Amino acid sequence: MDLVARAGQPVRAAAPGTVSFAGTVAGRGVVSVQHPGTGEPPLRTTYEPVQATVKEGDQVAAGQVIGTLQAGPFHCSGGCLHWGLLRGRVYLDPLSLLPPWMLRRPPSRLLPLSGGPGAPVVSP
């Protein structure tokens with residue numbers, strides 16, 4: 001999921017847990033937090049591109065700053081944080097972590113990567 005943000009803004013942990021990775025992947029900073037008590041294998045949130053202020057093994061609280069958003073280039077206009085949720089190697093919807101009151105909004109819409117609104121999307 002892409003969350004609109006600007007370079008330099010703080011990035012906060014979505015839930016309490018243990019930092020399972022804080023480093024660079026493909027030239028971009030990544031932080032992963034494993035969340036105990038969420039099943040087997042436990043849930044893990046990921047944040048990218050982030051300049052980490054935490055290190056592997058650190059315990060973090062929900063809302064704790066874990067780093068700052070790095071400068072682009074971004075595929076979204078302006079800037080964005082890539083927020084992910086995994087169980088093992090399976091990606092899940094990170095919105096499932098949010099309380100229902102935060103989700104009472106009109107549904108999100110996916111737009112084509114190119115061609116503008118209304119352009120057909122061609123699958124390989």
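Not measured: the values here are computed from a predicted model.
Among pairs with a residue in residues 47-57, those fulfilling salt bridge (Lys or Arg N to Asp or Glu O under 4.0 Å) read Arg28-Glu48, Lys55-Asp58, at least two apart in sequence or across chains. Within the structure, every pair that satisfies the side chain to side chain donor-acceptor pair (under 3.5 Å) test and touches residues 32-44, not counting sequence neighbours, is listed here: His35-Thr45. Listed by first then second residue, pairs satisfying side chain to side chain donor-acceptor pair (under 3.5 Å) with a partner in residues 10-25 read Thr18-Gln59, not counting sequence neighbours. Pairs passing the salt bridge (Lys or Arg N to Asp or Glu O under 4.0 Å) check and including a residue from residues 84-94, sequence neighbours excluded, do not occur.
Among residues two or more places apart in sequence or in another chain, the side-chain contact (heavy atoms from CB on, under 4.5 Å) test is passed with Leu3 by Met1, Leu81, Trp83. Every side-chain contact (heavy atoms from CB on, under 4.5 Å) that Val25 has, sequence neighbours left out, goes to Phe21, Val30.
Across Pro41 and Gly88, no two heavy atoms sit closer than the pair CG-N, 3.6 Å. Contact record, Ala13 with Ala61: CB-O, 3.6 Å, taken as the closest heavy-atom pair. Across all non-hydrogen atoms, the minimal contact from Val50 to Ile66 is CG1-O, 4.5 Å. Shown here for Val31 and Ala52, the closest heavy-atom pair between the two residues is CG2-CB, 3.7 Å. Contact between Gly17 and Pro36 at its shortest, heavy atoms only, is CA-CD, 3.8 Å.
Side-chain contact between Pro49 and Leu69 is present, with heavy atoms from C-beta onward closer than 4.5 Å. For the pair Pro10/Val65, a side-chain contact is recorded, criterion being any heavy-atom separation below 4.5 Å from C-beta on.
Side-chain atoms of Tyr47 come within 3.5 Å of backbone atoms of Ala14 as a donor-acceptor pair (strictly under, hydrogens ignored).
Taking NE2 of His82 as the start and CG of Asp2 as the end, the distance is 5.0 Å to the nearest 0.5 Å. Rounded to the nearest 0.5 Å, atoms OG1 (Thr46) and CG (Leu86) are 5.5 Å apart.
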